[in-house]
Amino acid sequence: METDSAGMEQLKREFRKKLFGRAMGYALRKMLPAPLGMFFSLMRYRPYFGKGVRSLLHGRVNVAVLDSVSIGAAFASGAVSTANSIMFLLSITELLEEHTRRKTRRALSESLAVNVERAWKVEDGKETSVPFASLVCGDVIRIRDGSMIPADGVVVFGECEVNEASMTGESTLVHKAKASTVYAGTAVEQGSIQVLITALRHETRISRIMDMIDRSEGMKALMQSRAESLADAIVPYTLLSSVCFYFLTSNVTRAISLLMVDYSCAIKLAVPISVISAMREASQRRVAVKGGRSLEAFAEADTIVFDKTGTLTSASPSVAKVVPLAGYTRDEVLRISACLEEHFPHSVARAVVRQAECEGLVHDEQHAEVAYVVAHGIASSLHGQRTLIGSHHFIFEDEGVELTPEIQTAIDREGARSSNIYLAIDGRLAGFLCIEDPLRPEAAGVIRKLRAQGISRIIMLTGDGENAARNVAEELGIDEYRAQVLPGDKAHIVQEFKDRGHCVIMVGDGINDSPALSCADVSVAMKDASDLAREVADITLLSSDLRELIALRRLSRALLDRIQSNYRFIVGFNSSLIALGMAGMLSPAAIAFWHNASTMAVSARSARPCLA
């Protein structure tokens, strides 16, 4: 595969080649004898004429019609040079837009692409280094320590530990052995495996994310949609004004001058180029944005909702304390908890299992089949006794385990500043585990800066208890939080703020955040978010730094400022050209030149980075 720089250089060469070709074609038409020059100019006019006719046949009087009429009027009045100038300048603006769009798509795709040039192919017991592009489904490849898995597949030999954070959002390594499924974009951190390839390139799970971003160019900003509607709406008035001016003055030249000026052309080009350029700039800052609408909403939002675990925290929980109750020992509580939790791939569950392993506590299975209640806990039977482990809500409210004053005192004393999971056996609380998940070091600073950037409401949602939630909120400077929140409740809370008239950003990372991410005006998934969260989210951070939210807010607001600035310039400059044309101070050719030159200038300015 090409590197990022090589791919961008190829795009630049193609752009320069096309630009040179169009400039040479324009120069040659001017040098040809008049009849031959007219013939080639008319041939060049055919696409513009065809677009205008098709628009009329569909009942639309839009920019394509105006372009067709203005060029045709120039031909009809004998101003072939003017017609050629209009077509040349229009082609350059189209070329500039296409080039900017292609650069953006490449930048977005390559930010997620799995770039592997060669792989070790296993055949007849021998390993051979081959170009990755030559592999097909059914081939077997060897992947060693420190290597990225380049394709989806099934392990046929060996064992390893895989970092699947890019797919699942879980930072803990996952053990893979024979018959295990592995995914492109994940990495082998320990061990060596042979993988039978089942999906390559565009068929892999990570490629679906890239395809989704590519398709999402249709998610235009509302401002962009309004600009395009306004651009088309202006066209009939431009045509009508030209006809009326001709009947009032009988001056063909001045009437054509009005057709040379088209507000809509610059408006329709400047806005999408600005949006596409901002998306490209976001990708360079390690943020993948799926559409202009997301940037606009991010700029206009006044409320941001954070999930706590994995978003405001670093998603690497650990067991800080084990508190035994009801006659059980500390080791018994930890061993039984690990025995139940080892069945489920959740970061907290893995923290419990890891702690038991570190302490050498063997937890051979002695229980019946376990049942996992999503976002609540686990239920099983141990030595004939109903055994539960899970959240405060699950244990004390759903399952009705008695919460005595003595137990509450112990919880308040030992687990006030942590997230707790509770173990109950035969209807009594056997103990609880205090889980610590360190806050991201930049989180407090990000909260302050977001508030300074105009985010008036900052809310934290967590399934933790009231005390733990309050402590985190105080440490980060968050003045509003909701504790013991269930996954479905997160979406209701987001909708509640939307119903009050707020524009809401939701930031999360887990599968249980997906309903809230879908509900928000604009949603952000963290770098290590689950596959589903990233698919649902409008924006994905490609680094683990929350400060990208600050840069994204600055970028999105700079985009809206640029669009407004472009509007003011386009209206002012083109109105001046119309006035000069009506006064006879500029010829149609001069007006066409300055109009198209200004359009190119606005487009070129729009393609520049929004942030210095």
Side-chain angles (χ1 to χ4, degrees), residues 169 212 216 219 221-222 287-313 315 374-376 391 393 419 440 443 446-447 449-451 453-466 468-470 472-473 476-541 546 548-550 552-553 556-557:
M212 179 177 54
S216 64
M219 294 176 60
L222 295 178
V287 179
V289 180
K290 295 180 182 176
R293 187 179 303 168
S294 305
L295 284 173
E296 185 175 8
F298 202 91
E300 295 177 343
D302 61 356
T303 300
I304 188 166
V305 179
F306 286 100
D307 170 59
K308 182 182 81 71
T309 305
T311 303
L312 294 174
T313 66
V374 176
H376 285 67
S391 66
H393 175 87
S419 302
R440 294 182 187 270
V446 168
I447 297 299
K449 290 179 180 178
L450 284 173
R451 190 173 281 113
Q453 287 182 328
I455 302 291
S456 58
R457 303 182 75 93
I458 299 177
I459 301 105
M460 180 186 75
L461 305 181
T462 177
D464 293 346
E466 176 69 23
R470 183 175 59 253
V472 170
L476 294 180
I478 296 174
D479 46 25
E480 191 169 347
Y481 65 90
R482 306 283 180 90
Q484 297 184 12
V485 178
L486 302 179
D489 294 337
K490 292 182 181 180
H492 293 313
I493 292 168
V494 170
Q495 187 61 50
E496 173 187 325
F497 284 106
K498 288 177 65 178
D499 291 342
R500 294 182 196 171
H502 296 287
C503 184
V504 182
I505 302 168
M506 173 68 196
V507 187
D509 76 315
I511 292 175
N512 59 350
D513 296 324
S514 299
L517 291 170
S518 298
C519 183
D521 292 290
V522 56
S523 52
V524 181
M526 300 300 293
K527 174 181 181 291
D528 294 330
S530 68
D531 221 10
L532 179 59
R534 289 197 294 173
E535 187 167 339
V536 167
D538 303 305
I539 297 168
T540 300
L541 303 186
L546 279 175
E548 298 298 348
L549 295 175
I550 305 298
L552 187 61
R553 177 75 168 183
S556 59
R557 298 181 87 175

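Quantities reported herein were computed from a predicted structural model and do not represent experimental measurements.
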If I compare all heavy atoms of I478 with all of M460, which pair ends up nearest, and what's the gap? CD1-CB, 3.9 Å
Provide the closest heavy-atom pair for V494 versus A516 in the form atom of the first, atom of the second, distance. CG2-CB, 4.1 Å
Would you call I539 and V522 a side-chain contact if the rule is heavy atoms closer than 4.5 Å? yes
Is there side-chain contact between D538 and F298, with heavy atoms separated by less than 4.5 Å? no
Are side-chain heavy atoms of V524 and T540 found at a separation under 4.5 Å? no
Closest non-hydrogen atoms of L295 and S556, given as atom of the first, atom of the second and distance, are O-CB, 3.2 Å
Shortest non-hydrogen contact from A491 toward C519: O-SG, 3.7 Å
Any donor-acceptor N or O pair under 3.5 Å, side chains S456, D302: no
Report yes or no: does R482 contribute a side-chain atom to a donor-acceptor pair with the main-chain N or O of L461 at less than 3.5 Å? no
State, with a plain yes or no, whether a side-chain heavy atom of T462 is found less than 4.5 Å away from one of V485. no
Any side-chain heavy atom of V504 sitting closer than 4.5 Å to one from V305? yes
Taking side chain to side chain contact (heavy atoms under 4.5 Å, CB included) as the criterion, tell me which of H492, K498, R500 meets it with E496. R500
Test R451 against D479 for salt bridge (Lys or Arg N to Asp or Glu O under 4.0 Å), laying out the working first. CA-CA 11 Å; R451 190 173 281 113; D479 46 25; 3.7 Å; yes
Do Y481 and L476 have side-chain heavy atoms sitting under 4.5 Å apart? no
Does D307 form a side chain to side chain contact (heavy atoms under 4.5 Å, CB included) with V507? I'd like the steps, not just the answer. CA-CA 6 Å; D307 170 59; V507 187; over 6 Å; no
Passes side chain to side chain contact (heavy atoms under 4.5 Å, CB included), F306 versus I505? Steps please. CA-CA 8 Å; F306 286 100; I505 302 168; over 6 Å; no
Taking every non-hydrogen atom, the tightest pair across G477 and I447: O-CG2, 4.0 Å
Can you check whether R557 reaches Q453 side chain to side chain, under 4.5 Å on heavy atoms? yes
Could you tell me whether E548 and R553 make a salt bridge, using a distance below 4.0 angstrom between a side-chain N and a carboxylate O? no
Side chain proximity check, L312 to L546, heavy atoms < 4.5 angstrom: yes
